[in-house]
Amino acid sequence: MTVMRLVYLLTFLLSIASFTLTLCNGNLVHLPCKENERQTLLMFKKDLDDSSNMLSSWDGEGDCCNWTGVACSNLTGHVCELHLAGYYDEVTGEHRGLGGKVNPSLLNLKHLNHLDLSFNNFEGLQIPSFLGSLKRLRYLDLSNAAFNGTIPHQLGNLSSLHYLDLSSNSDLMVENLEWLSGLSLLKHLDMSDVDLTNASRWLQVNTLPYLLVELHFSDCKLHHMPSGIVNLTNLKVLDLANNDVNSTIPTWLYSSGNLESLYLSFNAFHGEISSSLGNLTNLVHLQLRGNELEGEIPNSLGNLCRLTSVGLGMNNFRGRVSKILESLSRCSSDQIDQLGFSKNNFSGHLSGMLGIFKNLSSLDLSYNSISGLIPVSLRNLSRLQYLVIDHNSFEGVVSEAHFAHLTRLKMFTANDNSLTLKTNYDWVPPFQLSTLSLGSWRLDPSELPTWLQSQNQLSVLNMSNTGISGTIPTWFWNIFSHDAENYVVLSSNQLSGEVPNIVSANWPKPKQDSDSFHMGLNFVIDLRSNQFNGSLPLVSSAVSILDLSNSSFSGTLSHFFCDRSDVPKTLQVLYLDNNLLDGEIPDCLLYWPYLTTVNLEDNNLTGKIPSSIGDLLTLRSLHLRNNSLSGELPVSLQNCEWLFLLDLAGNKFVGGIPIWFGPSLAVLSLRSNKFHGFIPDELCSLTNLQILDLAYNNLSGTIPRCFQKFSSMATTISSEKGTSIEDVYLSSYVIYIENADFVTKGREVKYDTVLRLVTSLDLSSNMIYGEIPEELTSLIILQTLNLSNNLLTGRIPSKIGDMKMLESLDLSVNQLSGEISPSISNLTFLDYLNLSYNNMIGQIPISTQLQSFDQSSYVGNKLCGPPLEERCSINEAMPPVGDDEHIEGHLLEDGGFYLSLGLGFAFGFWIVLGSLLSNVPWSNAFSQFQNRIVKKLYAAIVECY
């Protein structure tokens with residue numbers, strides 16, 4: 001009887017349990033939603049911005065339990081869950097999500113236990129504090145929703161909460177974390193990207209909710225290891241990656257026996273890893289990349305037999321990889337699926353160590369000092385999918401035998417090793433690769449391998465600097481994937497002949513509609529530095545970046561730019577520099593409306609810049625240096641409002657300097673042209689200018705005093721500056737960084753990776769007269785100043801020493817007079833100085849820098865003292881500044897005729913002789929010689945007076 005009652009009781013309890021489980025999501029016939037809750041939802045929707053029509057089913061009619069994102073209790077009809085996360089629509093290529101405001105009407109949903117507003121855009125709205133009154137909430141996800149400001153402490157009232165995710169918002173921060181102590185049932189906490197600076201002390205002295213299973217504090221600006229974790233005995237996932245924690249790995253962490261995932265990458269952890277690491281026997285993921293850890297990897301790593309991923313890269317570990325592999329070999333091979341030791345300083349041989357990992361799926365040994373031959377036993381890793389061994393010291397031959405059983409291999413990257421790939425002509429690989437990267441290998445035979453035709457899923461191919469020769473076959477463009485971004489890098493080889501048209505029927509068409517253009521990096525093609533010749537190939541609209549520079553392409557640009565097939569072209573970056581192209585730039589640029597960078601420098605182009613340049617509304621940099629282009633600059637160029645780099649140096653452009661440049665301009669080089677007239681004051685409105693080069697033209701007038709408005713030369717450049725001179729096109733395999741050429745320290749240089757930090761002002765070799773304005777010294781972060789070969793008079797500005805960042809200063813071949821300003825001694829970064837051929841007098845100021853320069857820096861003056869051999873007389877007295885100014889004023893007052901005569905002769909000499917030499921490039925030496933003659937005549941006239 002007792003047994004029967006027990007059976008009935010168990011049956012009853014199981015029925016109750018089964019019934020309870022179906023309350024929200026079960027199969028019972030549910031009741032319709034409550035009318036007041038339907039009105040609540042409609043009120044909630046009213047304040048939302050639903051431009052993507054996510055809530056189109058919320059029309060006020062029917063059962064609200066059937067509306068998108070709404071879940072109700074089958075038993076009571078109450079709304080218990082709202083699933084309103086935004087998402088990416090793969091069909092339209094658009095992000096679908098909500099915005100607007102979160103209406104407090106949600107408080108009427110008394111039974112709400114699940115709220116998901118993640119991946120929406122609330123545009124900096126603060127997290128509503130009233131959410132802390134939804135006492136039944138067990139799940140709250142506000143991640144990736146563009147919330148801002150301080151997290152309200154009222155969230156600590158959600159005592160039933162099990163899951164809280166506030167990660168990846170705009171600029172969330174906390175005043176403290178004391179409110180977390182009220183979440184006693186919390187198991188999952190993700191506050192990644194939240195600024196926890198103010199909560200650092202709390203994390204040291206208080207404990208987090210003790211039931212926590214997952215804790216994510218990545219990118220939180222933490223400087224200390226949160227000791228409050230020590231009591232979290234249930235913790236399985238600890239993520240503190242991308243912080244500034246500067247300490248050793250605390251010993252108590254090695255006692256967290258339940259840990260399965262430990263992410264401490266990209267901090268400043270230092271010291272050695274304790275052998276107690278072996279106590280974490282449940283560990284599956286160990287990521288310690290990007291720290292300052294050192295010493296040998298402990299043998300106890302071999303105790304962690306559940307490991308599937310290990311990241312120890314970018315540290316200071318020492319030892320031999322063989323020792324690490326021996327430690328891991330103590331585990332059975334079927335317990336290790338993934339292993340990564342990238343970017344360390346490990347050394348040793350790999351031979352004979354690979355066969356033990358039968359089930360390895362990913363192997364990363366990149367950026368190490370591993371040496372020796374690649375063992376043929378590599379082929380035993382039959383489950384290997386990802387093999388990454390870049391930047392090591394491997395050597396020898398890799399043959400077909402190494403890949404015999406690697407049927408699952410998808411990625412093989414092995415750049416920068418001393419390896420040779422030797423295959424038979426008719427070899428058919430057993431794998432289908434998506435990525436093949438063999439930069440700096442040698443291929444045998446030295447041609448593009450024919451076995452590439454068998455790869456129909458390839459999206460990345462890098463065979464740069466491999467010595468391959470021959471031509472690109474017609475089948476080549478057809479091997480690349482049609483549903484992925486593609487990167488083709490064959491640069492720095494000996495490929496020759498004509499390049500077949502870069503088109504393929506397999507390639508996708510860009511997605512377009514009437515309102516927007518959806519564009520990403522579809523195809524990046526890098527064929528630079530080869531020996532190609534003939535005409536330029538035609539290009540598919542799927543190509544985003546094309547580099548054909550440094551070859552021998554010839555002919556005109558007409559057929560390339562005027563190709564109307566597959567228009568509009570979506571090319572963004574085009575490099576055709578350093579070729580043999582000639583003729584005019586065709587007026588067909590309207591077919592290429594998405595170009596942001598155009599580089600045609602160092603060719604033989606002639607004619608004018610076409611007016612269709614103004615159709616490139618997104619143009620950011622235009623390089624036309626060293627051609628034979630002529631005429632005036634087209635006014636349509638002012639349509640390119642985003643232009644930040646314009647390099648027209650080394651051409652034959654004429655006219656005055658335009659005044660319509662856009663405000664974004666940061667680099668302007670008009671060097672070595674035929675521009676004339678005064679330097680317009682309107683240039684001073686270009687406050688973003690960092691490089692201004694007007695050298696070797698026919699400019700006259702004085703230096704504008706308003707140059708002090710160049711704020712990018714006058715104030716410290718912030719790394720978070722809104723408009724950066726550095727334009728970067730970045731992908732996983734190809735990086736393009738904008739560059740500029742200019743003269744500094746007496747030589748021409750090209751800056752690229754640090755271009756954003758470069759400042760230069762060059763007005764040399766013109767006919768600029770008058771004094772150097774004192775206002776110029778307010779450009780306190782200017783690095784290069786060149787005013788040489790002009791008609792400048794007066795003294796060096798007394799505040800020249802304020803320009804403390806100057807590295808190169810050239811004032812040579814002018815008529816500067818008086819003493820060298822003593823403040824010049826403050827220029828401690830000065831690495832190049834040329835004051836030669838002026839009328840300066842007196843002693844060279846004493847400083848470590850000034851005496852270190854060669855005598856040629858001061859020749860042609862009446863100076864004395866080191867480094868010159870001319871000693872200064874003890875009794876030599878220089879006229880005081882006031883007397884000198886009086887003398888100069890008297891000269892200007894009474895000697896106007898002689899000065900006018902001298903200046904008139906100088907200008908006449910320049911104009912006549914300049915016209916005779918209009919078709920001859922002016923070299924620097926000839927220009928200096930010419931200037932010296934004019935200025936000596938000018939000086940003789942003044943001296944006679």
Side-chain angles (χ1 to χ4, degrees), residues 671 693 695-696 741-751 758-766 768 772 776-777 779 782-874 876 878 922-936 939:
R671 184 184 189 89
D693 190 347
Y696 288 90
D741 296 81
F742 66 97
V743 173
T744 182
K745 303 177 185 179
R747 58 189 177 87
E748 184 173 300
V749 296
K750 183 185 291 289
Y751 274 82
V758 174
T759 52
S760 175
L761 175 60
D762 193 341
L763 306 179
S764 62
S765 298
N766 283 286
I768 300 171
I772 301 174
L776 206 63
T777 61
L779 305 180
L782 191 64
Q783 295 165 320
T784 296
L785 176 61
N786 192 343
L787 305 178
S788 65
N789 288 283
N790 279 291
L791 301 170
L792 297 172
T793 57
R795 295 173 175 269
I796 294 177
S798 61
K799 295 183 179 180
I800 189 72
D802 292 350
M803 306 175 76
K804 294 184 183 297
M805 301 303 293
L806 271 183
E807 299 176 11
S808 177
L809 175 62
D810 192 344
L811 304 178
S812 63
V813 194
N814 280 286
Q815 290 298 319
L816 299 174
S817 58
E819 295 180 288
I820 300 175
S821 171
S823 71
I824 201 171
S825 300
N826 297 330
L827 304 182
T828 55
F829 287 100
L830 203 61
D831 190 46
Y832 178 87
L833 175 66
N834 192 349
L835 303 179
S836 63
Y837 299 103
N838 280 284
N839 293 325
M840 287 180 281
I841 58 176
Q843 182 175 354
I844 297 172
I846 303 299
S847 79
T848 304
Q849 294 294 112
L850 298 179
Q851 272 64 52
S852 67
F853 295 116
D854 190 82
Q855 294 184 17
S856 61
S857 296
Y858 306 100
V859 71
N861 290 283
K862 296 179 181 179
L863 296 169
C864 60
L868 299 178
E869 296 179 358
E870 181 72 22
R871 294 186 178 182
C872 297
S873 172
I874 297 177
E876 185 176 359
M878 307 310 323
W922 292 352
S923 68
N924 185 35
F926 185 83
S927 181
Q928 288 184 1
F929 171 72
Q930 186 176 353
N931 275 329
R932 287 176 190 173
I933 294 176
V934 175
K935 294 165 189 175
K936 287 296 182 182

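Annotation: side-chain hydrogen bond (donor to acceptor under 3.5 Å, both in side chains) contacts of Ser852 (sequence neighbours excluded): none.
How far OG of Ser857 is from CG of Leu811: 11.5 Å, rounded to the nearest 0.5 Å. Distance check: Leu806 CG to Gln849 CD gives 11.5 Å after rounding to the nearest 0.5 Å. With values rounded to the nearest 0.5 angstrom, Gln815 atom CD is found 8.0 Å from Leu791 atom CG. Rounding to the nearest 0.5 Å places CG of Leu835 at 8.0 Å from OG of Ser812. Taken to the nearest 0.5 Å, the OG atom of Ser825 stands 8.0 Å off from the CG atom of Leu827. Summarising the geometry, atom CD1 belonging to Ile824 is positioned 5.5 Å from atom CG belonging to Leu850; distances are rounded to the nearest 0.5 Å.
Within the 3.5 Å criterion, the main-chain N or O of Ala695 finds a donor-acceptor partner in the side chain of Asp693. A donor-acceptor pair under 3.5 Å links the side-chain atoms of Asn766 to the main chain of Ser764, judged by distance alone. The main-chain N or O of Arg871 is never found under 3.5 Å from a side-chain atom of Gln843 such that the two would form a donor-acceptor pair.
Considering only heavy atoms from C-beta on, Asn861 stays 4.5 Å or farther from Ile820 through its side chain. Between Val758 and Gln783, some side-chain heavy-atom pair lies under the 4.5 Å cut-off. Between Leu816 and Ile772 there is a side-chain heavy-atom pair separated by less than 4.5 Å. The shortest distance between side-chain heavy atoms of Leu787 and Leu776 falls below 4.5 Å. Residues Leu785 and Leu779 are not in side-chain contact: their nearest non-hydrogen atoms beyond the backbone lie 4.5 Å or more apart.
Across all non-hydrogen atoms, the minimal contact from Cys872 to Gly865 is SG-N, 3.6 Å. The shortest non-hydrogen separation linking Ser836 to Ser856 is CB-O, 3.5 Å. Minimum heavy-atom separation, Asn826 to Gly801: CB-O, 3.6 Å. Annotation for Gln855 and Glu869: closest pair NE2-CG, 3.8 Å, computed over non-hydrogen atoms. Of all heavy-atom pairs spanning Ser821 and Pro845, the tightest one is O-CG, 4.0 Å.
Of the residues Thr777, Leu809, Thr759, the one that meets the side chain to side chain contact (heavy atoms under 4.5 Å, CB included) test with Leu782 is Thr759.
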Apply side-chain contact (heavy atoms from CB on, under 4.5 Å) to Gln851 and Ile846, showing your working. CA-CA 7 Å; Gln851 272 64 52; Ile846 303 299; 4.0 Å; yes

Derivation of the side-chain contact (heavy atoms from CB on, under 4.5 Å) call for Asn834 and Phe853: CA-CA 9 Å; Asn834 192 349; Phe853 295 116; over 6 Å; no

Apply side-chain contact (heavy atoms from CB on, under 4.5 Å) to Ser788 and Val813, showing your working. CA-CA 6 Å; Ser788 65; Val813 194; 5.5 Å; no

